[in-house]
Number of protein chains: 2
Amino acid sequence: MISESSRRRISESTVRRLSLYYRILSVLEKENQATVSSKELARREKLTPAQVRKDLSFFGSFGTRGLGYPVCELKKRIGEILGLNRTWNIALIGVGNIGSALVGYKEFQRQGFHIKLIFDNDQRKIGSNHKGITVSDIKNLGKELRENNIEIVIVAVPATVAQYIVDDVVKAGIKAILNFAPINLKVPEDVFLRNENMSMELEYLSFARINLYNDLGTRIRSIQLFE
Amino acid sequence: MISESSRRRISESTVRRLSLYYRILSVLEKENQATVSSKELARREKLTPAQVRKDLSFFGSFGTRGLGYPVCELKKRIGEILGLNRTWNIALIGVGNIGSALVGYKEFQRQGFHIKLIFDNDQRKIGSNHKGITVSDIKNLGKELRENNIEIVIVAVPATVAQYIVDDVVKAGIKAILNFAPINLKVPEDVFLRNENMSMELEYLSFARINLYNDLGTRIRSIQLFE
DNA sequence: TTGAGAATGTGAATTCATTCACAAAAGACA
DNA sequence: TGTCTTTTGTGAATGAATTCACATTCTCAA
Ligand SMILES: NC(=O)c1ccc[n+]([C@@H]2O[C@H](COP(=O)([O-])OP(=O)(O)OC[C@H]3O[C@@H](n4cnc5c(N)ncnc54)[C@H](O)[C@@H]3O)[C@@H](O)[C@H]2O)c1
Ligand SMILES: NC(=O)c1ccc[n+]([C@@H]2O[C@H](COP(=O)([O-])OP(=O)(O)OC[C@H]3O[C@@H](n4cnc5c(N)ncnc54)[C@H](O)[C@@H]3O)[C@@H](O)[C@H]2O)c1
C-alpha cells in the first residue's frame with residue numbers, strides 16, 4: 001500500500017523519456033543485445049547518461065554496476081510502469097480526416113491500444129464499417145462506452161463541438177482523453193487530458209526559423225532575443 | 001543587429017504558451033473584447049497571471065497598468081513573434097493515412113501554413129490530385145523543394161524510410177521539419193526538428209491512469225511512486 | 001482633480017529539473 | 001584472489017522555470 005510519506009513525484013518529462021527508452025529497448029531487443037549502458041541509451045536519444053540513470057532510479061535499481069541494464073528485463077519493467085503490457089480499450093469519436101487515419105494505424109494495436117468503438121453523428125457514416133468496426137451513433141455514447149469497458153477516448157471532432165462531446169465522455173466516467181481539436185477543453189480535476197496540437201508544432205518551427213537565424217543565415221545557439 | 005551581450009534565452013515552454021495566448025486572443029478579438037488582463041488569460045489556460053506577464057515581458061511591455069493588454073495589438077505582436085503574419089511554403093512527404101488528413105486540413109491554410117507540394121514514391125499516387133495539388137515523384141524532391149521556396153517539410157512516411165527521406169530533405173537545404181514517424185531522426189545541429197508522436201501521448205495517459213489512482217479509484221494529487 | 005482600485009512589469013525567492021561527481025558494486029582476467 | 005575497468009545509483013551542486021510580492025503606473029468615478 002502506498003503511504004503518503006513514501007511518495008516521490010515523477011515529472012512529465014521523465015514519463016515522456018520512459019517512452020523513448022521503451023522504444024529503443026524494443027529495437028535493442030530485436031537486435032538481441034543483452035545489456036545496454038546509460039551511456040548508450042543517452043547517446044541514442046541525445047540525453048546525458050546521468051539523466052537516464054536518474055529517470056530509471058525513480059522506479060528502482062534495474063542495472064548491474066560495471067555492466068549496464070539488462071535489455072529485456074528493463075523493457076518489461078518500463079512496459080509495466082507505462083502500462084504497455086496489457087491492452088487498453090479505446091473509443092474514437094469523429095471519423096473524419098484525422099479519425100480515419102487513426103483507425104487504420106496498426107502501431108496502436110501493436111502497443112495494446114485497441115480501438116474498439118467509433119462514434120460519429122453523420123448519418124452517412126453511422127453503420128458503415130471502418131477496419132472491421134461499425135460506426136456507432138453518438139447518441140448512444142454513454143451506454144456503449146460503459147458496456148464496452150472503454151478506458152481511453154480519442155476526440156477527433158470539430159473544435160466547435162469538442163467541449164460538448166467531452167462533457168458527455170466525462171459523464172460516462174472516462175478518466176483519460178486524447179484530444180485533437182485545437183481548443184482548451186475543460187475537464188474535472190480527476191480526468192487526464194492530453195492535447196495533440198499540430199498547429200502548435202508548426203508555430204514552434206515558424207518561431208525557431210524566424211528567431212534562430214541571424215542575418216547571415218547562421219544559426220544562433222539558442223532562442224534568444226533583444227534585451 | 002543583435003549583439004551577443006543583449007540576448008536573453010526564450011524557453012520552449014514560453015514559445016508553446018505564446019501559441020496558446022495567440023489562440024485565445026483570436027477568440028477574444030472575434031468577441032470584440034478590447035483588453036484582457038493577465039488574470040483572465042491565465043484563467044483560460046490554467047496558468048498563473050505571473051506566468052503570463054513574465055512570458056510577455058520577454059518580448060516587451062505591451063500592457064497598460066490598471067487596464068490590461070490590448071487584445072488586437074497583443075495578438076498582432078505575438079503573431080509577429082511566432083511568424084504567423086506571413087505565409088510559409090510547406091511540402092508534405094508521404095500521402096498515406098496521416099498525410100491525406102493533413103492535406104485536407106483547412107486550419108493550416110488559415111494560419112499561413114500552405115502545403116504547396118506533395119511527394120510520394122507510390123506510382124499509383126504520383127500524378128494524382130489531392131485538394132488541387134498534384135503528387136510529385138519523390139525522386140524530384142531536392143529540385144522541387146528548391147524551385148518552390150519550401151521552408152518547412154512535413155514527413156509522414158513509414159518509420160523505416162524516414163531517416164533516408166530526412167537526409168535528402170536536409171541536403172536540399174531545409175531547416176525546419178515536422179516528423180510523424182515514431183523514430184528518433186538524426187539531423188544536423190542547424191536543422192529544427194519537431195516530432196509529433198501520438199503513441200507517446202497515449203502512453204502518457206496509460207501511465208497516468210495506472211499510477212495516479214489508488215485502489216479506491218480516488219485520484220492521487222500528483223504522479224508519485226514508492227520511495 | 002483626486003483618491004481608490006486595478007493590473008502591469010520585474011527583481012527576489014522558491015520550486016523543480018538536470019547535471020556533477022564519486023563511492024560502491026560488479027565483471028574481467030591474470 | 002586481487003587488481004583494474006566499467007558503470008550504476010544517488011546525494012550535492014547547479015541551472016532553469018515558475019511564482020511571489022510589491023513598487024509603479026494607469027483607469028475610472030465622483
Ligand atoms: N485533419 C487534420 O489534419 C487535423 C490536424 C490537426 C487537428 N485537427 C483537428 O481534429 C479534429 C478533426 O479534424 P478532421 O480534419 O478529421 O475533421 P473532419 O470534419 O474531417 O471530421 C470530423 C468528424 O467529426 C464528426 N462529427 C461532427 N460533429 C460531431 C458530433 N457532434 N458528434 C460526433 N461526431 C461528430 C463529423 O461527422 C466528422 O466525421 C478537428 O478539431 C481538427 O481541428 C485535424
Ligand atoms: N496513421 C496514423 O494515425 C499515424 C499515427 C501516428 C504516427 N503515424 C506515422 O506516420 C507515418 C505515416 O503513417 P501512415 O499511416 O500515413 O502510413 P501510410 O503507409 O498510410 O502512408 C505512408 C505513405 O508514404 C509513402 N512512402 C513510402 N515510402 C516512401 C518513400 N521512400 N518516399 C516517399 N513516399 C513514401 C507511401 O506510399 C504512403 O503513401 C508513419 O511513420 C506512421 O508511423 C501514423
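A note on names: the letters A, B, ... follow the listed sequences, proteins ahead of strands, and every chain is numbered from 1. Quick note: numbers below take in every heavy atom, side chains included, and nothing from hydrogens, waters or symmetry partners.
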**Q.** A/Tyr204 and A/Phe207 aromatic ring geometry - parallel, tilted or perpendicular at 30°/60° bounds
**A.** tilted
Q: Return the value, rounded to whole Å, for the distance between atom CD of A/Glu12 and atom P of C/dC16.
A: 14 Å
**Q.** A/Asn195-A/Asn179 side chain donor-acceptor pair, cut-off 3.5 Å
**A.** yes
Q: Round to a whole Å and report the spacing from CD of A/Gln51 to P of D/dT10.
A: 16 Å
(Q) Quiz question: going by heavy-atom distance under 3.5 Å, is there a donor-acceptor pair between the base of C/dT8 and the side chain of B/Arg53? (A) no
(Q) Rounding to an integer number of Å, can you tell me how far B/Leu67 CG sits from C/dT8 P? (A) 9 Å
Q. Taking atom C1' of C/dG9 as reference, at what distance in whole Å does atom CG of B/Leu56 sit?
A. 11 Å
(Q) Both A/Lys54 and A/Gly66 contact DNA chain D. Taking the nearest nucleotide for each, which residue is further toward the 5' end? (A) A/Gly66
**Q.** Interatomic distance, A/Asp55 CG vs D/dT10 C1' [rounded to whole Å]
**A.** 13 Å
Q: Answer yes or no: is there an ion pair linking A/Lys76 with A/Glu73, defined by an N-O contact shorter than 4.0 Å?
A: no
Q) Of the nucleotides C/dT18, C/dT10, C/dC20, which one has an atom closest to the side chain of A/Ala50? A) C/dC20
Q. Are B/Gln163 and B/Asp167 linked by a side-chain donor-acceptor pair shorter than 3.5 Å?
A. yes
Q: Using a cut-off of strictly less than 4.0 Å, decide whether B/Arg17 has a side-chain nitrogen or oxygen near OP1 or OP2 of D/dT18.
A: yes
Q.
Mind checking if A/Ser38 touches a base, just sugar-phosphate, or nothing, with heavy atoms under 4.0 Å?
A. sugar-phosphate
**Q.** D/dT8 base / A/Arg65 side chain donor-acceptor hit below 3.5 Å
**A.** yes
Q: Could you tell me the separation between the CZ atom of A/Phe59 and the C1' atom of D/dT10, rounded to a whole number of Å?
A: 16 Å
Q: Identify which nucleotide among D/dT8, D/dC20, C/dT19 has an atom closest to any side-chain atom of A/Tyr69, counting heavy atoms from C-beta outward.
A: D/dT8
Q) Want to settle it: does A/Thr48 or B/Val36 sit nearer the 5' end of DNA chain C, counting the closest nucleotide to each? A) B/Val36
Q: Choose from C/dA17, C/dG9, C/dA21 the nucleotide whose nearest atom is closest to any side-chain atom of B/Ser61.
A: C/dG9
Q: Tell me which nucleotide among D/dC26, C/dA26, C/dA17 gets nearest to the side chain of B/Thr64.
A: D/dC26
